Number of protein chains: 2
Amino acid sequence: MPQDEIRARGLRLTPQRQLVLNAVRELGHATPEEIANTVRQMHPGINLSTVYRNLETLETAGFIIHTHLGHGGATYHAADEITHLHLVCGKCGKVDESELADAKDFVEIILKKRGFATDVTHFAIYGTCAACQVK
Amino acid sequence: MPQDEIRARGLRLTPQRQLVLNAVRELGHATPEEIANTVRQMHPGINLSTVYRNLETLETAGFIIHTHLGHGGATYHAADEITHLHLVCGKCGKVDESELADAKDFVEIILKKRGFATDVTHFAIYGTCAACQVK
DNA sequence: TAATTCAGCGCAATTACTTGCAATTAATTC
DNA sequence: GAATTAATTGCAAGTAATTGCGCTGAATTA
């Protein structure tokens, strides 16, 4: 439970912040609009700018992560639920998954050659899924 | 020269479209605003919505690519100039590069295990650069 | 070259997202 | 529990990006 962790970072644990984090966890992949709608079920008067600010604060603190699954807006998910790589088909938009271990050698090559510590959980991999390659 | 290629896809080759493509090539990594400013040097009255639409059309047609280098807006670059992976440091924002060949084995694993054909040129790799790891 | 077609344009409206600021309130201290 | 501090909020304004629509013009055809 990150409530103490939120306070440990000098942040306030406000009801709005707790609700935004809960909504991100509950929804899995979610747009800011979807998160706001979920939060409004418990807190009807919450302002959208409050949701956006909390999303940014929670991401900076490491509790959530955002990715751009295709063009347009970002989607958010809880950081501790990242257990797979996201494979996003550019043709049909389907999101498949692959084990983090599949990127292990690749991550080591980049670290050795460039000194760059990759955060493989923080990006979606674009390409074409098996079904769309047939077309 | 993709002028014939643009027409081959049933698209018109308008002066505005040509200028947008030229601007993306000239600027390398560029935001829509930067692209619009460059285009306006040759075509002062062009509308920003025209720039946005042409960016989307050119990307759909495969001439340019956009990535989200960090939070916020996208940046665009010409598709045929993709020769490296982009390594984006989440701490200082610096963009480093690594050879496409470094992802070769990783791409093969994903294709074999998931049947997913990765387009490695279409994403930025997030993490921490060598300098920021020292901190 | 003129007529025709319809992709593309400019404009204004709209949507998505961010920011400045005064008021509120979570957390701390006494 | 009261006083204090400053992070956070709601609101309105502002910026970034998208969309609907009537008109324009690139490309085709005769």
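In what follows, chains are A, B, ... by sequence order, proteins preceding strands, each numbered from 1. Note that this is a predicted model, so its numbers are computed, not measured. The figures that follow rest on heavy atoms only: side chains count, while hydrogens, waters and symmetry mates do not.
- Not one side-chain nitrogen or oxygen of Q16(A) sits closer than 4.0 Å to the OP1 or OP2 atom of dA26(C).
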Quick test: give all pairs of protein nitrogen or oxygen and nucleotides 21-25 of chain D nitrogen or oxygen below 3.5 Å, distance rounded to 0.1 Å.
unit_1, atom_1, unit_2, atom_2, d
dG25(D), N2, R12(B), NH1, 3.0

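- Both tests pass for R9(B) against the ring of F63(B): distance under 6.0 Å to the centre and angle within 45° of the axis.
- One atom, CG of L19(A), and another, P of dT8(D), lie 15 Å apart when rounded to the nearest Å.
- For DNA chain D, runs of at least 3 consecutive pairs of the Watson-Crick or G-U wobble type, with both hydrogen-bonding distances under 3.5 angstrom, map to C:1-30 with D:1-30.
- In this structure, N54(A) places its CG atom 14 Å from C1' of dT25(C), rounding to the nearest Å.
- Each of L13(A) and L13(B) lies near DNA chain D, and the nucleotide nearest L13(A) is the one positioned closer to the 5' end.
- L48(A) comes within 4.0 angstrom of nothing in the nucleic acid, heavy atoms only.
- Using a 3.5 Å distance cut-off with no hydrogens or angles, the side chains of Q18(A) and N22(A) do pair a donor with an acceptor.
- The only member of L58(A), T57(A), T14(A) that meets side-chain contact (heavy atoms from CB on, under 4.5 Å) when paired with V20(A) is L58(A).
- Here the side chain of E34(B) pairs no donor or acceptor atom with the backbone of L27(B) at under 3.5 angstrom.
- Atoms CD1 (I35(A)) and C1' (dA16(C)) sit 14 Å apart, rounded to a whole Å.
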Full working for side chain to side chain contact (heavy atoms under 4.5 Å, CB included) between D102(A) and K113(B): CA-CA 9 Å; D102(A) 290 336; K113(B) 282 195 170 186; 2.7 Å; yes
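- Along DNA chain D, the nucleotide nearest N47(B) and the nucleotide nearest T14(B) are compared for position; the residue whose nucleotide lies closer to the 5' end is N47(B).
- Here dT25(C) presents its C1' atom at 15 Å from CG of L11(A), a figure rounded to the nearest Å.
- A78(A) approaches V24(A) most closely through the heavy-atom pair N-CG1, 3.6 Å.
- L55(B) has its CG atom 11 Å from the P atom of dC9(C), to the nearest Å.
- Atom CG in L58(A) sits roughly 16 Å away from atom P in dA7(D) (whole-Å rounding).
- Q133(A) contributes a side-chain N or O that, together with a main-chain N or O of T128(A), makes up a donor-acceptor pair within less than 3.5 Å.
- The side chain of Y52(A) has dA16(C) as its nearest neighbour among dG10(C), dA16(C), dG10(D).
- Distance R9(B) CZ to dA27(D) C1': 18 Å, rounded to the nearest Å.
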Criterion side chain to side chain contact (heavy atoms under 4.5 Å, CB included) on E26(B) and T38(B), from CA distance to verdict: CA-CA 9 Å; E26(B) 173 187 329; T38(B) 300; 4.1 Å; yes
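- The separation between E33(A) atom CD and dT15(C) atom P is 11 Å, rounded to whole Å.
- Shortest non-hydrogen contact noted between T75(B) and H29(B) is OG1-ND1, 4.5 Å.
- S49(A) comes within 4.0 angstrom of a base, heavy atoms only.
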